[in-house]
Amino acid sequence: NAGVMQNPRHLVRRRGQEARLRCSPMKGHSHVYWYRQLPEEGLKFMVYLQKENIIDESGMPKERFSAEFPKEGPSILRIQQVVRGDSAAYFCASSPSSDLPFFGQGTRLTVV
Amino acid sequence: EDQVTQSPEALRLQEGESSSLNCSYTVSGLRGLFWYRQDPGKGPEFLFTLYSAGEEKEKERLKATLTKKESFLHITAPKPEDSATYLCAVQPRSGGYQKVTFGTGTKLQVIP
């Protein structure tokens, strides 16, 4: 059983471009969480999704950021018109229920 | 607002030199306190969950303890492979995992 798969592992975008981060949860997991980690800062919750539903997006910036978890396929975190401050490591975690999730290896986004 | 403070920020130990990492927390009713290990470029890896003051859990050279205000991660006779950042996190009684607050971590380096 493969773990939580995130791709790409590294992503470089120029300011103003769009970034799409993908997360394939573990088999049988229907709950997905997205986090952002900045150097010297803790993991910050962004959004919690179940299949086809956003359950809690209280940690997501109101503009430029969106997330989805369709019935088929991976969960996507989308950042439009990226700025330098969006540079960070983005982690996805998945669980079969609302219990403790497993984390993926992360996507490191660099905005140049 | 829930808070987690970890100390020290960084710790350098000789192989075999035992020590403790501290996690001080304030939370509106504790559902659980988590310890994770994070290697460079990787996602957090779950170590322990503690639920109530006085509880202890052990895994190999690691032992986690919990009081009403703090948790300690004791490392006995560490080896170089224990080098990593150790994260502490708390979940309030009133929320799901998306309400978990993470500390900024203690970066442990074990020198051979």
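Residue numbers start from 1 in every chain, and the chains themselves are labelled A, B, ... in the order their sequence lines are given, proteins ahead of strands.
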| Would a 4.5 Å heavy-atom cut-off, applied to side chains only, mark Tyr33(A) and Gln98(B) as touching? | yes
| Which one of Lys44(A), His31(A), Gln37(A), Met46(A) has the most heavy-atom pairs closer than 4.5 Å to chain B? | Gln37(A)
| request: Spell out, yes or no, whether Leu21(A) and Val111(A) are grouped together once hydrophobic residues are joined by side-chain heavy atoms under 4.5 Å, including indirect joins. | output: yes
| query | Do Gln105(A) side-chain atoms and Gly43(B) backbone N/O form a donor-acceptor pair below 3.5 Å? | reply | yes
| task | Decide if atom CD of Glu9(B) counts as having more than 12 heavy atoms of other residues, nucleotides or ligands within a radius under 6.0 Å. | result | no
| query | Is Lys51(A) atom NZ crowded by more than 12 heavy atoms from other residues, nucleotides or ligands, each under 6.0 Å away? | reply | yes
| said: With a 4.5 angstrom heavy-atom cut-off, is it the side chain or the backbone of Thr85(B) that approaches chain A, or both, or neither? | reply: neither
| remark: Scanning both residues in full, the closest heavy-atom pair of Pro44(B) with Leu43(A) reads CG-CD1, 3.6 Å
| task | Would you mind telling me which of Gly104(A), Ala89(A), Pro101(A), Gly106(A) has the largest number of heavy-atom pairs within less than 4.5 Å of chain B? | result | Pro101(A)
| said: Is there a side chain to side chain contact (heavy atoms under 4.5 Å, CB included) between Tyr48(A) and Lys99(B)? Walk through the geometry before answering. | reply: CA-CA 10 Å; Tyr48(A) 167 37; Lys99(B) 300 300 182 187; over 6 Å; no
| task | Go through the atoms of Tyr97(B) and report whether side chain, backbone, both or neither lie under 4.5 Å from a heavy atom of chain A. | result | both
| Any side-chain heavy atom of Phe102(B) sitting closer than 4.5 Å to one from Glu41(A)? | no
| message | Using every non-hydrogen atom in the two residues, find where Lys42(B) and Arg108(A) come nearest and quote the distance to one decimal. | response | N-NH2, 3.6 Å
| field | Gln6(B) portion near chain A, given a 4.5 angstrom heavy-atom threshold | value | neither
| query | Is it the side chain or the backbone of Lys107(B) that comes within 4.5 Å of chain A heavy atoms, both, or neither? | reply | neither
| Any side-chain heavy atom of Phe34(B) sitting closer than 4.5 Å to one from Leu100(A)? | yes
| Neighbour count above 12 (heavy atom, 6.0 Å) for Gln80(A) CD | yes
| task | Mark yes when over 12 heavy atoms from residues, nucleotides or ligands other than Arg9(A) sit less than 6.0 Å from its CZ; otherwise mark no. | result | yes
| Around atom CD of Glu63(A), are there more than 12 heavy atoms of other residues, nucleotides or ligands at under 6.0 Å? | no
| message | Counting only heavy atoms not in Phe102(A) (residues, nucleotides, ligands), do more than 12 fall under 6.0 Å from its CZ? | response | no
| message | Would you say that more than 12 heavy atoms from the other residues, nucleotides or ligands in this model lie under 6.0 Å from the CD of Gln50(A), or not? | response | yes
| said: Atom CZ of residue position Phe46(B) - does it have more than 12 heavy atoms of other residues, nucleotides or ligands inside 6.0 Å? | reply: yes
